[in-house]
Amino acid sequence: MSIGNIPADRLLIGLGALLLGLLVTFGLPVSPRRVNQTIPTILAIVLFFTSAIALLDWPTWLIAGAVATIVAILYRDIARFIKHVYYGVTKYSRRDYWYRRVGEAIIGNKRTRKRKL
């Protein structure tokens with residue numbers, strides 16, 4: 001079984017890597033901390049380039065892999081930025097924020113600044 005000039009094993013590897021790359025890009029949660037995003041980003045890069053190498057010829061796979069990687073990275077960065085902005089805008093409307101603030105004021109766990117006289 002083959003489609004065009006692509007053998008069945010390369011087709012299966014290419015489609016599987018493409019599916020996993022899409023799952024990593026759109027399925028894994030986006031963390032507001034950049035440090036936690038390196039593993040999913042590297043995984044998406046490897047999977048998209050593996051898919052492109054398995055499915056396409058030499059000059060085309062390089063361009064397709066680069067474009068898919070750039071789109072995946074931009075999507076995750078934009079989603080992370082939107083999540084950060086949304087959290088910053090809505091944090092004052094959450095009950096846990098105010099409970100924590102009141103609790104810190106009553107218990108005194110929060111650092112206090114020395115007042116300059």
Side-chain angles (χ1 to χ4, degrees):
M1 178 181 121
S2 64
I3 295 179
N5 58 355
I6 302 173
D9 57 345
R10 284 183 60 190
L11 182 67
L12 186 63
I13 290 170
L15 291 177
L18 181 64
L19 182 65
L20 286 175
L22 290 172
L23 186 67
V24 165
T25 301
F26 298 110
L28 286 180
V30 178
S31 171
R33 296 189 178 156
R34 184 68 181 152
V35 152
N36 298 333
Q37 297 305 301
T38 51
I39 292 174
T41 301
I42 290 172
L43 191 59
I45 290 169
V46 168
L47 287 170
F48 282 132
F49 269 104
T50 302
S51 174
I53 289 170
L55 293 175
L56 303 170
D57 293 331
W58 152 244
T60 315
W61 71 256
L62 188 61
I63 296 168
V67 167
T69 299
I70 290 169
V71 167
I73 292 172
L74 283 176
Y75 168 76
R76 291 189 66 81
D77 284 346
I78 290 170
R80 182 174 53 90
F81 176 73
I82 289 171
K83 187 175 183 179
H84 175 72
V85 169
Y86 176 76
Y87 180 77
V89 167
T90 62
K91 83 175 176 182
Y92 300 113
S93 65
R94 285 195 213 100
R95 221 180 310 157
D96 65 329
Y97 175 80
W98 294 107
Y99 286 169
R100 188 173 54 251
R101 292 286 301 250
V102 169
E104 288 170 349
I106 292 172
I107 295 172
N109 274 345
K110 194 168 186 168
R111 287 185 184 172
T112 57
R113 292 187 226 163
K114 291 183 180 179
R115 295 184 186 180
K116 295 182 181 180
L117 297 173

Would you give the length of the straight line joining atom [atom1] of [X] to atom [atom2] of [Y], rounded to the nearest 0.5 angstrom?
X     : Y     : atom1 : atom2 : result
Leu74 : Thr69 : CG    : OG1   : 11.0 Å
Thr38 : Leu43 : OG1   : CG    : 11.0 Å
Leu15 : Leu19 : CG    : CG    : 8.5 Å
Leu56 : Arg10 : CG    : CZ    : 9.0 Å

Subject >> Donor-acceptor pair, side chain of Thr25 and main chain of Gly21, under 3.5 angstrom >> reply: yes

**OP:** Measure from the side-chain N and O atoms of Trp61 to the backbone N and O of Ala54, and report whether any donor-acceptor pair falls under 3.5 Å.
**Re:** no

Original post:
Can you name the ring pair (Phe, Tyr, Trp, His ring centres under 6.0 Å) partners of Phe26, sequence neighbours left out?
Top reply: Tyr75

**OP:** Have a look at Val24 and tell me which of Leu47, Val46, Ile39 forms a side-chain contact (heavy atoms from CB on, under 4.5 Å) with it.
**Re:** Leu47

Original post:
Under a single-linkage definition using a 4.5 Å side-chain heavy-atom cutoff for Ile, Leu, Val, Met, Phe, Trp and Tyr, are Trp58 and Ile53 assigned to the same hydrophobic cluster?
Top reply: yes

Original post:
With Val85, which residues qualify under side chain to side chain contact (heavy atoms under 4.5 Å, CB included), at least two apart?
Top reply: Phe81, Val89

**OP:** Return the set of residues passing side chain to side chain donor-acceptor pair (under 3.5 Å) with Ser93 (not counting sequence neighbours), or none when no residue passes.
**Re:** none

Original post:
Does any non-hydrogen side-chain atom of Ile73 lie less than 4.5 Å from one of Ile45?
Top reply: yes

